[in-house]
Amino acid sequence: MTPEVEAGVAAPPEEQGVVARAKVRLESLGSLARMTGQVFSRAVRPPYDWGTLIYHTESLGVRSLPIALLTATFAGLVISLQFGYFLGRFGVQYTVGRVVVLTLFRELAPVLTALTVGARIGSGMAAELGAMTVTEQVDAIRALGADPLRKLVVPRVLACLLVMPVLTVFADVVGLVGGALVVKLQYALPLDLFFQGALDAVLLEDFVSGVFKGAVFGVIIGLVGCFKGLTVEGGTEGVGRATTQTVAVTSVAVCLADFFITKLTLYL
Amino acid sequence: MRVARRRPEPSTFEFHKPTSGEQLIHFEHLTKAFGPKHVYDDVELDVRAGETLVVMGGSGTGKSVLLKCLIGLLRPDTGRIVFQGHELTHFTEDQFIPVRRHVAMVFQGSALFDSLTVGENVAYPLREHFPEMSEDELRKRVAEKLALVNLPGTEHLMPSDLSGGMKKRVGLARAIATDAEVILWDEPTTGLDPVTTQSINELINSMKTKLGVTSIVVTHDMVSAFAVGDRLAMLANRRIVQVGTREEIRRSTVPEVRAFLDARRAELVPGGAS
Ligand SMILES: Nc1ncnc2c1ncn2[C@@H]1O[C@H](COP(=O)(O)OP(=O)(O)O)[C@@H](O)[C@H]1O
Ligand SMILES: [Mg+2]
């Protein structure tokens, strides 16, 4: 088992045929899967580097919180606005609290947080590790007797795993407050009706499933960002390509994972 | 019943103090390709203890790849690399760790960790290889190595504060922090001004005379090659086309070597090659 993470193939994919491109993508997916296994087997075995983990968790959390809160507030505002209007049309506007809380907790808070903050975190990691790769700092870590997966990837992936669920909870709270604001100001429904409806409707598992999604999305974001960074090819230009690819790949992966986790949690 | 292993486990690596001149490293029938791109077809090379061997070659001929294969950062496709009787080719990543303590690499762009101070950069391999070492001992060793590369008292500086030549020196101090016996230099003088180049050449030579280390220097800088090399090898057309002393290389009739020497002469003396 070596931490030598290899990208698919040397020639840039855009110059090849469809089959060759598909092959490159598949190979790259294979190495990502291998790296995932290596990262987790290292994460659970000592020595644990708590200091580095705390450092990354703190800096990710602090940097991401403003965007996460802003996104969640407006998400709460807009779904409340929409549902308030259409539920009113069906004559059941009083149920808006229930609908908003379920949509928010189960879907919007984790997914929007992952798509905005997560894409940013992931591409930041790809840029940082990509720069280290092209300047041979990753090679240097190995040459000096250390393990880049342990030193660079494990703390970042674990930090994402910790930060994303916490951000999701924050998003739940501010999104709900935003929703309540609209209900009060726009539709003049009493606030206690909104919150009572929300409390009646929501089960612990709705909340947990959203937080769980946040955790899974966090792992995806951390792994993809680090993988793209470690497999950069072609100098500084390659770093730019890796960051944009990270945004695309994490967004698609988050949406796919969202579907399957939802399916799982609904029928469990 | 025990199932026989397909490949015998390589013995754990131990470094023995070599007698000067004995064969230390042997590259045999090495091939390496990245996807469709073949870097080596059949590379053969010997390195003797205590010498400075220079490997010359144009950009992209695989000079860095050769050094990285030796310490397991890259793996050759076929062929063998033998180090004091240990066949490194099938070593696992973990088995390479002791090899890396004795064989240090000075990277082309220095590859200093830009988030760490100079002192922490030099301490890095010590923390990895000797986790039980005390902070006092660590500080002492770091100061000693920085003094050896003529940068005493620079522990608190950040890599971004340093010039190219100073970065190279810190890179060397970090590489030799664990008292490596073999130093791999990846283009140590590329991109440096002539005066700094001169001082780096002197540093390479002083490592040999002061510490008795064996060096492999890869470079395309001919002046530097002749200033530091006991023997010179030429990498071209995916093989080592010639190995010899300075004199033998200077009088070489091998076309690839001549082309390289003459191109350099033309650059130094305008119109000199015609
Ligand atoms: N990790 C890698 N992945 C793909 N190709 C590589 C890798 N490392 C080196 N190469 C290719 O191998 C060839 C030799 O590289 P290198 O040893 O860095 O050349 P140089 O002699 O300039 O040091 C180059 O063409 C380079 O593109
Ligand atoms: Mg090179």
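Worth knowing before you read on, the calculation uses all heavy atoms, side chains too, and leaves out hydrogens, waters and symmetry mates. First the proteins, then the strands, lettered A, B, ... as listed; each starts at 1.
Contacts of R174(B) with chain A are made by both backbone and side-chain atoms, with heavy-atom separations under 4.5 Å. For L126(B), no part sits under 4.5 Å from any heavy atom of chain A, backbone or side chain.
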Please list, one pair per line, the donor and acceptor atoms closer than 3.5 Å that link side chains of residues 212-222 of chain A to other protein atoms, with sequence neighbours excluded.
residue	atom	partner	partner atom	Å
K213(A)	NZ	R106(A)	O	3.0
K213(A)	NZ	E107(A)	OE2	2.5
K213(A)	NZ	D258(A)	OD1	2.8
K213(A)	NZ	T262(A)	OG1	2.9

What donor-acceptor contacts under 3.5 angstrom involve side-chain atoms of residues 116-126 of chain A, with partners at least two apart or in another chain?
residue	atom	partner	partner atom	Å
T116(A)	OG1	L112(A)	O	2.8
R120(A)	NH2	R63(A)	O	3.2
S123(A)	OG	A119(A)	O	2.9
S123(A)	OG	R120(A)	O	3.2

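Between F83(B) and F13(B), the ring center distance clears the sub-6.0 Å criterion.
Of the listed residues (V138(A), T135(A), I141(A)), the greatest number of heavy-atom pairs within a distance under 4.5 Å of chain B belongs to I141(A).
Taking both residues in full, the closest heavy atoms of L70(B) and V103(B) are given as CD2-CG1, 4.3 Å, listed atom of the first, atom of the second, then distance.
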